[in-house]
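In each ligand, atom 1 is the first atom listed, and ligand 1 is the first ligand listed.
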Amino acid sequence: MCGIVGYVGKKNATPFLLDGLHALEYRGYDSAGLYVAGKGAVKRAGKVAALTAAVPSDFYGTAGIAHTRWATHGAPTETNAHPHTDEGGSVWLVHNGIIENYAELAAELHAGGATFKTETDSEVLAALVGKEVRAGQTLEDAVACALSRVRGTYGLAVMSVTEPEKIVVARLGSPLLIGVAHGARFVASDATPLLPHTREVVYLEDGDLAVLTPDAHVVHRLDGGTATRASAHLDWSVEAAEKNGQEHFMLKEMLEIPETIERALAGRLGKDGTVTLGGVKDMRAPLRGARRIVLTGCGSAAYSAQIGATLIERFAGIPCEVVLASELRYRPFLIDPKDTVLIAVSQSGETLDTLEAVREAKRHGVPTLGIVNVVGSTISRETDASIYLHAGPEISVATTKAFIGQATVLALLALSLAETHDQTNDETRAFARELGRSPSLARATLSARDSIATLAQKYANVSGAFFLGRGAETPIAFEGALKLKEVSYIHAEGYPAGEMKHGPIALLDPEFLVVALAPGDALFEKMRSNLQEAAARGCRTIAVTTPEHQEELARLADDVIVIPKTHEALLPFLTVLPLQLFAYEVAKARGCHIDQPRNLAKSVTVE
Ligand code: M6R
């Protein structure tokens, strides 16, 4: 859950390390530090800016490693910040992941006379490596030896003061990739910091250990031998990873939603409504034979999976179930590999629970399909096949464009399954046509941004909020509530509206907000009644609806947000957009850290 960067070459490492940490700050931002060969280490609690301010201007060296932290073991203090070193200061190490047996290793080292300065599991690893280096091992052998003692997960970069032109990196469960340039090698937790420097990258796999020097990188397997890892070309633009002049990444990414949908549809949705999904070619037989589909993911990804499940059931007639990945891992595994497919939805492709759910399914022989944004991510590589969102980097911790990208890809999958299960009919064709129009519908919906900003001012101080939906709008109620609580810190819950009278309605009072998702679908009248019930309790109310119901809902609700009319099954793609904007604007009105909300990280690579 942390960010790692490293550089070994002929130029000054420090500017790359600091810029790289800024680019990776979404992965963790409670403390940061760097080590530069010949200079030593600087660490600071707080954001990367605090570290940048503390690094002296003459901090020059041609190799170094750096880390931005999201604490798992030990408070986010300067002492606990990475890089960590051994007692003699002979090695420096940055680590992402968790060493599960660190307490027993620490006790063993302690019995041999070692003492520790920090509360972290990572320092134990530094001590193990340092011990081997002092015994005369090369850095790579020392790291391999230390890792053979470790249970847990790691993305690791290590340097030794006696071999200053070398970085040893290793990966098990936490992502790492190498950037290749003339006379330089880079390492990073994801591609973003590398974009200004190189497009040639090598993705490490679990169990890899690589030795980086300015002119070479050699990949070994921790269980013996060397490995050949082909390089890949990055086609993300540098600008795509920056804010494009917007105040926050979250806003920039919301404004990219129409283009995100276009990119997800490009080359896949034909003018005649047929769907071509290159990514699933290895999965054709299991998908054709699927009698049941289990979708999994975490947080927003689980909610977009619910949108997908509704669409697959509606258009392809295949029963679907959405199970949170963190639950699926520990339930009795009752998924039949003969006729069931597991679909894992993940923007980052690195979420640990989702990855482990995939692994569990694979252990039981269940075919697995990933719906992933980050190319080369672990889930994309470990599933039997993957469909990419092509949404470009999503930096804001709160997902927006990737949520829509996931829903779009799942809509394509639903249409494709309708074809393979002989369910194509006028309704699927009408939906496909409307899906093709969805980028312009999304653009029209987002144009309400200014009026939503005004609404946000009005509701920025509510005591709490319910988001209510029915049927296809239920996942949007969940997502609207998650978005609001995540970025504005207002307590918000999403409910299927029919559940209100079973308890939650007791909370309604004049300070409380109810957002009712009531577009013109088959359940409109039920939602109108639920809105009426809420308004009768004197709480504050916003209705999200389509133009034909604007007038009547304006008589019931304090405010109405209008989205364009579209195919009923596509409405959730639009109703979610004002909720994302609303959460953003409320958070802005409340002065919150929008792109990096407290206690959160973009990619959750621990349980
Ligand atoms: O990278 P993933 O899609 O696997 O991430 C899953 C969740 O952690 C993520 O969607 C999270 O809920 C977002 N912060 C919500 O905005």
closest protein heavy atom to atom 1 (O) of ligand 1 is S348 OG, 2.7 Å
Should S603 be listed as contacting ligand 1, given a heavy-atom distance under 4.0 Å as the test? no
Fit a plane to each ring of H67 and H82, take the angle between them on a 0 to 90° scale, and name the class: parallel (under 30°), tilted (30 to 60°) or perpendicular (over 60°). parallel
among protein heavy atoms, the one nearest atom 7 (C) of ligand 1 is C298 O, 3.4 Å
salt_bridge(E253, K401) N-O dist < 4.0 Å: no
Does the N or O separation between G299 and ligand 1 drop below 3.5 Å for any pair? no
Mode of E350 contact toward ligand 1 - side chain, backbone, both, neither (heavy atoms, under 4.0 Å): neither
Starting from atom 3 (O) of ligand 1, which protein heavy atom do you reach first, and at what distance in Å? Q347 N, 2.6 Å
Residue pair T399 / E394, side-chain donor-acceptor N/O under 3.5 Å: yes
for atom 15 (C) of ligand 1, nearest protein heavy atom and its distance come out as S300 OG, 3.0 Å
Minimum-distance protein heavy atom relative to atom 4 (O) of ligand 1: T351 OG1, 2.4 Å
Salt-bridge test for R331 and E327: reply yes if a basic N is under 4.0 Å from a carboxylate O, no otherwise. no
Looking only at protein heavy atoms, which one is nearest to atom 8 (O) of ligand 1, and what is the separation? V604 CG2, 4.2 Å
Close approach, T354 and ligand 1, non-hydrogen under 4.0 angstrom: no
Atom 14 (N) of ligand 1: which protein heavy atom is closest, and how many Å away? E486 OE2, 2.5 Å
Would you say K602 and ligand 1 have an N/O pair spaced under 3.5 Å apart? no
Would you call the rings of Y303 and F478 parallel, tilted or perpendicular, taking 30° and 60° as the class edges? tilted
In terms of side-chain heavy atoms, does K602 have a donor or acceptor partner in Q596 at a distance below 3.5 Å? no
